[in-house]
Amino acid sequence: MVRNDLRNVAIIAHVDHGKTTLVDGMLRQSGTFRQNQVVNERVMDSNDIERERGITILAKNTSVVYKDVKINIVDTPGHADFGGEVERILKMVDGVILLVDAAEGPMPQTRFVLQHALDLGHRVIIVINKIDRPDARIDEVIDECYELLMDLNASDEQLDSPILFCSGRDGTCSEDEHVQGTDLTPLFDKILDYIPAPEGDPDKPLQMLVSSIDYNDYVGRIAIGKIERGSIKVNQEVMIGDYHHTKKEYRGKVVTLYQINGLERTPAETATVGDIVCISGIENITIGDTICDWQNFEPLPFVKISEPTVEMTFSVNDSPFAGKEGKYVTSRHLRERLFRELLKDVSLRVSETDSTDAFKVAGRGEMHLSILIENMRREGYEMGVSTPRVLYKEVEGKLCEPIEELVVDVPEASVGAVMEKMGTRKGEMVSMTPMGSRMRVVFHVPARGLFGYRNEFLTDTKGEGIMSSVFYGYEPYKGDIPRRTSGSLVAFEAGEAVTYGLYNAQERGALFIGAGVPVYEGMIVGVSPKPGDLVVNVCKRKHLTNTRASGSDDALRLIPPRIFSLEDSLEFIADDELVEVTPKNIRLRKKTLSNVQRAKDSAKLK
C-alpha cells in the first residue's frame, strides 16, 4: 500500500543556515497558527538554551497539512557535536530538504549529514536559502552543491535533485533564482511531487523502529518512531528487542498513542504504515529498538551511531562552597542524572571510575558536553568538571587520534595569523579558496588542537572570522601540542575579595573576579602572562595608620575582570584544574586546593 496522503521529510543543513526559520514559515503558511496568534521566532527551538544560543540541539517533529496531504517535518541540529541526533532521525523519513546558505555554500556539516542521507537512498530537494543576502553568490553555490553530490557518489537520480530558491525569513520560495516568489507554495508542491510516499503492508504484523526517546516524569519514556509495517493501536500487546540481540526480547503494552499534529501531540486510538507516532507505557525501551507484533518478532537494523571523541570527568563538588547553591550535590544524584541522559542521547557514554564520586562522560565534542553541563546546572546540580581529553584508538598496532576537518572563513589579512596558529597545533592545510575579499581555508587538525582555540581565532580575525569543524577520521598520533603557555593566579586564603588586594594582584595578570566576590584557598582568580602559577592575596586589606599622606586615599582603579562562559572555562583550565559548576556560579579552581601541598607536590616532581 502507498500512503499518498502522507509525506515524511527531514530538513538538514549546516548550523545557522536557516532550518528552524524555514520551518516557522511552513507552519505559518499551512495555517497551524491562528491569524491573531502571537508566535515566537524559531518556534521549534523550545529549549531555553536553544533560544539563547540561536542553535538547534534536539531534533524535533512537527507536521503541516497541504492539499489534504499531511507532511511530517523533522527539524534537525546543524552543529557537528549533535550529529548523533541527525543520523538516527534520517531512518524516520523518506526524503530530505538540504538547505544551503546562498553566501556560505555547502559547509562541513552539510557534507556530513548529506552523506548519511545519500547512503540511505533518500531523495534530496536542494533549497538555496537567504537569496536576499547582499553577498549571495547563487550560481557558484549551485555548482558547489552539484560538486558535493558527485564527491559523495550520489546516484544518477540523486544528481538530478531539483533546486529551489528561498528566503526563509520572508517565507518566500521560487524555482527561478531571479524571482523572489510570494510564498512557500513551490516548496510544498515539490515535496508532494518529488518525495516518495511511505509504502508498506498495513495487514502484516507490526514493525516500528524507535528513532528517538523523550522522557516525562509522569509517564516515563516516550518512544518516537515510524511504523514500517502493519498498524498499532492502544492497549496492543507488543514484543520489544533490537537487531543485534544485545538484550533479551520482552513483552510490553502500548498504554498511550500520540500522533504529531502541528506543534502538539494529539492522542490517537490507532496508526498505520508511514505514521510517525509517540508511544508511552513500555519500560526500558531505547533508541534502536524495534516494536513488533508479540507473536511475530522481526527486528529492523539501525544506523550505526558515530563513536564519541572527547571525554571529561564529572565529579562531586568538594570545594569549601559545596552545597551552598545547588539542590542536588551527592554522587547518587549525579550518577542518576547522567544515566538518565543516556536514555535519550545515543552519542553519549557514561562509565564508572575507581572513585565512587567521579564518572567519565564521553561525547562528540566540547559543545555536546557543555550543553549537558549547562542543562544540569539549570536543574540544580553542583559538580566539578575536568579538562576535556580526546579518546585515542589503536588501529593496526598504531596509536591514533581523532582528526577534525576545520573550515575557516576569514578576511584575507587574517589568513597568516590563522595558518601560524594551525601550524603550532599540528594542523595541515587541505585547500584555500578566495571568496571575494575573504578566504575559505580547510585544515585537517587533531581534535585536541582545537581545545581553547576559538577565543584566539576571534582575536586573530578581529571578530570577523567564521570557523566550523566536523569529525574527519582517525590518523596516527601527531605528537605533543602545547596546551597553555600562561599560568594561573591562585587565591592565597579564604575570604572576600577587596579592592586593595585586587589592585595589587592586577599587576601580576588579568583578573576573573571583582570586589566583594567570596573566594577560597586554591581558587583561580586570574591568569598570569608567564608560565607557572602565582599565589596572590586578593583578600588583603590596607592597614590603618594614625598619619595620612596626601594622595594615599585616592580611589584605587581596577581593570574590569574577564568574565568566562562555561565553554571559555572548559577551554581555559589546565590538567591540574577543575571547573566548579553550580546553579549560580562558574568558578575555576585547582584540583589540590592547599597552596602548601601543591608546592610540595611540584617540588617532588622536580
Side-chain angles (χ1 to χ4, degrees), residues 81 308-319 334 338 348-355 357-374 376-377 381-393 401-404 421 424-426 445-457 469 477-491 509-510 512 522-528 531-533 562-582 585-593 598 601-602 605:
D81 284 15
T309 55
V310 174
E311 182 183 73
M312 292 182 195
T313 304
F314 286 40
S315 54
V316 171
N317 184 16
D318 59 357
S319 85
L334 194 59
L338 289 172
L348 203 68
R349 303 277 182 279
V350 178
S351 50
E352 312 265 359
T353 60
D354 303 338
S355 160
D357 289 349
F359 304 89
K360 285 184 178 172
V361 183
R364 292 283 284 265
E366 271 182 295
M367 186 173 231
H368 184 193
L369 295 175
S370 72
I371 295 287
L372 170 62
I373 297 166
E374 185 63 46
M376 287 174 70
R377 71 181 281 243
Y381 287 84
E382 275 191 20
M383 71 204 105
V385 186
S386 76
T387 178
R389 302 178 295 278
V390 299
L391 294 169
Y392 297 102
K393 206 177 190 179
E401 63 175 327
I403 303 292
E404 299 273 323
K421 291 283 165 66
T424 59
R425 291 164 183 268
K426 303 284 191 278
V445 57
R448 61 200 167 97
L450 291 178
F451 292 160
Y453 177 58
R454 188 169 292 275
N455 279 345
E456 280 185 42
F457 173 76
S469 64
Y477 182 68
K478 304 279 184 187
D480 265 354
I481 297 176
R483 178 77 199 271
R484 200 178 95 195
T485 53
S486 54
S488 299
L489 300 181
V490 185
F512 300 159
M523 181 170 149
I524 297 167
V525 293
V527 57
S528 160
D533 297 334
R562 273 171 67 182
I563 305 298
F564 274 7
S565 69
L566 179 59
E567 272 95 359
D568 295 338
S569 306
L570 293 171
E571 286 182 353
F572 174 81
I573 56 171
D575 293 336
D576 65 335
E577 296 167 355
L578 294 174
V579 179
E580 178 191 345
V581 180
T582 74
N585 287 295
I586 294 169
R587 300 184 187 95
L588 306 179
R589 52 162 284 196
K590 288 288 180 185
K591 279 184 184 171
T592 306
L593 291 176
R598 276 202 322 280
D601 292 345
S602 64
L605 289 172

For [X] and [Y], which heavy atoms make the closest approach, and how far apart are they?
{"X": "M312", "Y": "V385", "result": "SD-CG1, 3.6 Å"}
{"X": "L391", "Y": "A362", "result": "CD1-CB, 3.9 Å"}
{"X": "L570", "Y": "S370", "result": "CD1-CB, 3.9 Å"}
{"X": "P308", "Y": "R349", "result": "CG-CG, 3.4 Å"}

Apply salt bridge (charged side-chain N to carboxylate O under 4.0 Å, His left out) to R562 and list each qualifying residue two or more places apart in sequence or on a separate chain.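 With neighbours one apart ignored, the set is empty.
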
How would you list, by chain and number, every residue that makes a salt bridge (charged side-chain N to carboxylate O under 4.0 Å, His left out) with K421, sequence neighbours excluded?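 Counting only residues at least two positions away or on another chain, K421 forms a salt bridge (charged side-chain N to carboxylate O under 4.0 Å, His left out) with E456, D460.
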
Side chains of [X] and [Y], heavy atoms from C-beta outward: is any pair under 4.5 Å?
{"X": "I373", "Y": "F314", "answer": "yes"}
{"X": "V525", "Y": "V490", "answer": "no"}
{"X": "L578", "Y": "I573", "answer": "no"}
{"X": "V361", "Y": "L338", "answer": "yes"}

[atom1]/[X] to [atom2]/[Y] distance, rounded to the nearest 0.5 angstrom?
{"X": "L348", "Y": "L372", "atom1": "CG", "atom2": "CG", "result": "6.0 Å"}
{"X": "E311", "Y": "K360", "atom1": "CD", "atom2": "NZ", "result": "5.0 Å"}
{"X": "E567", "Y": "I586", "atom1": "CD", "atom2": "CD1", "result": "9.0 Å"}
{"X": "L566", "Y": "I371", "atom1": "CG", "atom2": "CD1", "result": "8.5 Å"}

Taking only residues two or more places apart in sequence or in another chain, which ones pass side-chain contact (heavy atoms from CB on, under 4.5 Å) with [X]?
{"X": "A447", "answer": "V390, P402, E404"}
{"X": "V310", "answer": "L369, P388, F451"}
{"X": "D318", "answer": "R589"}
{"X": "K478", "answer": "E401, I403, K426, E428, P446, R448, E475"}

For [X], what residues pass the side chain to side chain donor-acceptor pair (under 3.5 Å) criterion, not counting sequence neighbours?
{"X": "S528", "value": "none"}
{"X": "S569", "value": "none"}
{"X": "S486", "value": "none"}
{"X": "D533", "value": "K590"}

Just jot down the ring-ring contact (aromatic ring centres under 6.0 Å, His included) partners of F359, sequence neighbours excluded, or say none.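 Result, ring-ring contact (aromatic ring centres under 6.0 Å, His included) vs F359: none returned.
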
Sequence-distant partners of Y381, ring-ring contact (aromatic ring centres under 6.0 Å, His included), two or more places apart: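 Scan of Y381 (ring-ring contact (aromatic ring centres under 6.0 Å, His included), adjacent residues dropped) gives Y328.
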
Residue among E580, R587, M383 satisfying side chain to side chain contact (heavy atoms under 4.5 Å, CB included) with N317: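 Testing each of E580, R587, M383 against N317, the sole residue satisfying side chain to side chain contact (heavy atoms under 4.5 Å, CB included) is E580.
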
Mark yes or no for whether R364, through its side chain, and T309, through its backbone, hold a donor-acceptor pair below 3.5 Å.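 Not confirmed, R364 side chain does not pair with T309 backbone.
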
Got a donor-acceptor contact below 3.5 angstrom from the S315 side chain to the A358 backbone?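 Checking the backbone N and O of A358 against the side chain of S315, no donor-acceptor pair under 3.5 Å is found.
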
Would T592 and D576 satisfy side chain to side chain contact (heavy atoms under 4.5 Å, CB included), going step by step from the backbone distance to the final call? CA-CA 8 Å; T592 306; D576 65 335; over 6 Å; no

With under 30° as parallel and over 60° as perpendicular, where do the rings of F564 and F512 fit, or are they tilted in between?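 Because their plane-to-plane angle lies in the 30° to 60° range, the rings of F564 and F512 count as tilted.
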
Ignoring hydrogens and angles, state whether a donor on the side chain of E577 or S488 is under 3.5 Å from an acceptor on the partner side chain.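 There is such a pair (donor and acceptor under 3.5 Å, judged by atom type) between the side chains of E577 and S488.
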
Hydrogens and angles aside, do T582 and E382 bring a side-chain donor and acceptor to less than 3.5 Å of each other?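 Checked: T582/E382 side chains show no N/O donor-acceptor pair below 3.5 Å.
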
